[in-house]
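Beneath this line is the structure, given in structure tokens, with notes to follow.
In what follows, every chain begins at residue 1, and chains take the letters A, B, ... in the order their sequences are listed. If you're wondering where the values come from, they're calculated on a predicted model, not measured in any experiment.
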Amino acid sequence: MAFLVLPLLGLLVRAPWSELWPQLTQPQVGQALRLSLVSATLATLVSLVLGVPIAWVLARSTLRGRSVLRALVTVPLVLPPVVGGVALFLVLGRQGILGRWLYETFDYTIPFTTTAVVIAETFVAMPFLVISVEGALRAADARFEDAAATLGADRWTTFRRVTLPLVAPGVAAGAVLCWARALGEFGATITFAGNFPGTTQTMPLAVYLALQSNPEGAIVLSLVLLAVSLATLLLLRDRWLGRSGVPT
Amino acid sequence: MRRALPALAVAGLLSLTACGGSASPDAAGTSSSSGSGGELTGTLTVFAAASLTDVFTGLGDQLMAENPDLDITFNFAGSSALATQITQGAPADVFASANQTQMGVVTGAGLAEGDPTVFTENVLEIAVPPDNPADVTGLSDFADADLTLAVCAPDVPCGAAAEQVFEAAGITAQPDTLEEDVRAALTKVELGEVDAALVYASDVQAAGDQVEGIGFPEAEDAVNEYPICTLAGSQNPGAARAFLDLVESEAGQRALTDAGFRSPTS
């Protein structure tokens, strides 16, 4: 336990409290924080739209290649994020399989844009949501769905009115995990999206670069990120996580 | 993390030299024989900037081949990390820094033997993908917002140098990304994801056919000088002097220019 907590205490002990305000009010800090919050939230929304159906397929369908599908979904969990960033380049980069077509047809490139940040974060964070939701779906009693079906509800209505409310806590927990992971994403982002203040420089990137020249500033930025993460977890814990527990 | 690393490296080095000592216990103490032609013995520890890895490893192999009883150990890392390790007491015989600032840290602490000499220089170059698809011709293209451009972040040395040349040329650069180090900027060129990046000439050389280098006159405003010196606490001053002589010899200078460095102008 001390192993997990001590580094965080170290941040608090070494923090340059007297310089806190001047460091915090630098325009780059607000810029990076806003970009981090916006892109992590967008990545979570995209993950919800894409991830919940995937989780449903993994938990409910009798598809043959399900175990292969599950393995593929979890690959980004174990892949070093930098490798993920390179992989995204090879597909969506200007010279990538899809990216080249986009570039030649629409003169549009994804790397070095905020879109690239959201894509990189979604790639790394979505598996957390899928795994959580799949666990919740497995734990939920499928007989409720059968009952709804026998009462004449079609599959979409059953999913919307019965399944989703049953697994709502699991979806919420997954979304929080996903959001937290996206907020802290570094490797895939700096590789695929680059680093430019206001467009692609999220908080973790700002921390890393500040460390090269201004360690005090890096500590302050780290504290901000820590505070935001803790506040979010505490806030949501009371509403969802506390009651049902994290279903993983 | 930054604070912990040098300490770890020092610990690693201590155990390394300890091992070397036990392998040839009598050699370390009575090692030094004076430079010219004589057989050098013992252990020589060279601390050198990471960009010198290939060249110095080659020169070290050459010196060891000429002196079978000599054992050379290299510690390649960022110059600032090396300077910190030396001032913290790491047992080094030679220090080659990638800039004057970090050499100043060592000389300032009174740890250098004599005055350091500049043995090579590195200048910025424009790296473009093969065939130069965006027709980049010079530094002024970095002001073109339509191009996709990478430069190093101002927090790291190559970014500081980039800022210097842009300022000297009166150019407002329009980069799309500020990379965390020079290798990352080069990788983006190798992948063909940027039209041009500002890196060191030695990096362009190391990348081989994967990038093309374009020199530009403004690079003279941010020349990176590499100073080298022997250290006052050296256990093997004879071998240290011999290594310095080799680096500054014609063969050493040729190895450096082959790797994209250039001979000192002053």
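What you find for A:Gly194 and B:Thr177 is that their closest heavy atoms are CA-OG1, 3.2 Å. Closest approach of B:Leu191 to A:Phe89, counting heavy atoms only: CD1-CD1, 3.7 Å. Residue B:Glu193 comes nearest to A:Phe112 through the heavy atom pair O-CE1, 3.6 Å, listed as atom of the first residue, atom of the second, then distance. Taking every heavy atom of both residues into account, B:Leu178 and A:Phe196 meet most closely at CG-CD1, 3.9 Å. Minimum interatomic distance between A:Ile190 and B:Lys188 (heavy atoms only, all atoms of both residues): O-NZ, 3.5 Å.
For B:Pro175, the parts lying under 4.5 angstrom from a heavy atom of chain A are both the backbone and the side chain. Using a 4.5 Å cut-off between heavy atoms, A:Tyr208 contacts chain B through its side chain alone, with no backbone atom that close.
In this structure, B:Asp54 places its CG atom where only 12 or fewer heavy-atom neighbours from other residues, nucleotides or ligands lie under 6.0 Å away. Within 6.0 Å of CD in A:Gln95 there are more than 12 heavy atoms belonging to other residues, nucleotides or ligands.
We find the CG-CG distance between A:Asn195 and B:Asp155 to be 8.5 Å, quoted to the nearest 0.5 Å.
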